[in-house]
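Reading through the structure tokens given below for one structure.
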Amino acid sequence: ILPATFGSGDKRYGGFYTQKQLKALIKYAAERNIEIIPEIDLPGHSKALAACYPDVLCNTTKEFASVQGETGNVLCIGNENNYKILYNIFKEIAALFPSDYIHIGGDEVNMDNWKACPLCTKLMQERGMTQPEQLQNYFVRRLEIIIEKLGKKMAGWDEIIEGGELNPQTRVYAWRDIKTGLRSAEKGQPTIMQPAQYFYVDMKQSPVERGHNWAAIVTLEKLYSFNTKNLNNNIIGVQAGLWTELLNRPPRFIEYQTFPRLSALAEVGWSDNDKRVWNDFNYRLTKTHYERLYNMGIAFRLPMPDVTYNNNKLKVTLPYDWAIVRYTSDKTEPNQSSSIYCGEITTDSPENYRFATFYGTFD
Ligand code: ACM
Ligand code: ZN
């Protein structure tokens, strides 16, 4: 049993899929032309495995925490039995998922664990390694062999480019920043650009909304502004990341975080850099694409109205000319039946007013 995290208190957090459920999910996605690529995050972020099989960890008494503050989540690299366990895990994964790739993670490892471990330091000495990144590279290359043996190709987060060479076909997902993505491409790895500062859609969309902000506030316009001009040919695509911790409320917040930012990502991926103009995209979005999302039943985000208060008057600037803004004057959240804003409001109590944009027509 894992300790509860991310505010779930004493309630169960997460869970698991049975193989039967996974097969149904893979089929559901495939019918919609979506391929699911599985990730087993290694050698860090491995708390679930370590909770069940504590022997996979280094033999140390010291506690070294990950950036998220988790201890006991980094596999021992010098323990040969770990590779048997991993082979068995990947064998099951490879049999379940039809994707060409299997993603092995590789991110955010606190390597101090290895420096304090007799098996890891012994392996480093035997192989003349001086840096723990070399040990990570050793581990990653062993996984490459396992995954290739299972008829798949390997993918990982951009940390896997550190500490040594990789198989030239190993795919890298650059999440830390653009620079690291370019470094990966220059090394010759097929690379997917997923810099958190642009493409992590668990980030807030404005300072006053829910969401993370450790990488940036990722507005729709910022995501759309990603420059794909003159990129190294090894940059094979873009991807958005949606990490669902903290997205449990309000209802359908996952859709709110995803759309329309995913629409902007699609255009970044599929159109020529010079053809992308924010005003043009925003016009098409508000004129027709919102309607498409609406008709698909997606709970997408609408831009917020801008409200000023001067000379006893509340004045709203609409986020786009045909936007419908509704308001309340009792501090409650506006809903579909709240009054529609149609001109300046004179009041001595602006603090009681709330405004929000709604999708729909006047009737
Ligand atoms: C990551 O966000 N740690 C890949
Ligand atoms: Zn170790």
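Just so you know, ligand 1 is whichever comes first in the structure, and atom 1 is the first atom listed for that ligand. Just so it is clear, the structure is predicted and the values come from calculations on it, not from any experiment.
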For residues 304-314, which side-chain donor-acceptor pairs fall under 3.5 Å, sequence neighbours excluded?
residue, atom, partner, partner atom, Å
Tyr309, OH, Thr347, O, 2.6
Asn312, ND2, Asp348, OD1, 2.9

Please determine if Asp100 and Lys152 form a salt bridge, counting it only when a charged side-chain N lies under 4.0 Å from a carboxylate O.
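No, no charged N to carboxylate O under 4.0 Å.
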
Any carboxylate oxygen within less than 4.0 angstrom of a Lys/Arg side-chain nitrogen, looking at Arg284 and Glu267?
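Yes, Arg284 and Glu267 are salt-bridged.
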
Cation-pi check, Arg32 to Tyr28: give yes when NZ or CZ is under 6.0 Å from the six-membered ring centre and within 45° of the ring axis, no otherwise.
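Yes, a cation-pi geometry.
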
So, do Pro260 and Leu220 sit near enough that their side-chain heavy atoms are less than 4.5 Å apart?
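Pro260 vs Leu220: side chains touch.
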
Can you sort out the partners of Phe355 under ring pair (Phe, Tyr, Trp, His ring centres under 6.0 Å), two or more places apart, ordered by chain and number?
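Here the qualifying residues are Tyr327.
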
With the Zn ion (ligand 2) at the center, what angle do SG from Cys120 and SG from Cys76 span, rounded to 10 degrees?
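Value returned, to the nearest 10°, is 110°.
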
State, to the nearest 10 degrees, the angle whose vertex is the Zn ion (ligand 2) and whose arms point to SG of Cys117 and SG of Cys58.
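An angle of 100° at the metal.
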
Going by the rule side chain to side chain donor-acceptor pair (under 3.5 Å), which residues pair with Thr228 if we only count those two or more places apart in sequence or in a different chain?
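With sequence neighbours excluded, Thr228 shows a side chain to side chain donor-acceptor pair (under 3.5 Å) to Asn273, Arg276, given in chain and number order.
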
Quick one: ligand 1 N/O to protein N/O pairs below 3.5 Å?
residue, atom, partner, partner atom, Å
ligand 1, 2 (O), Tyr200, OH, 2.6
ligand 1, 3 (N), Asp107, OD2, 2.6
ligand 1, 3 (N), Glu108, OE1, 3.3

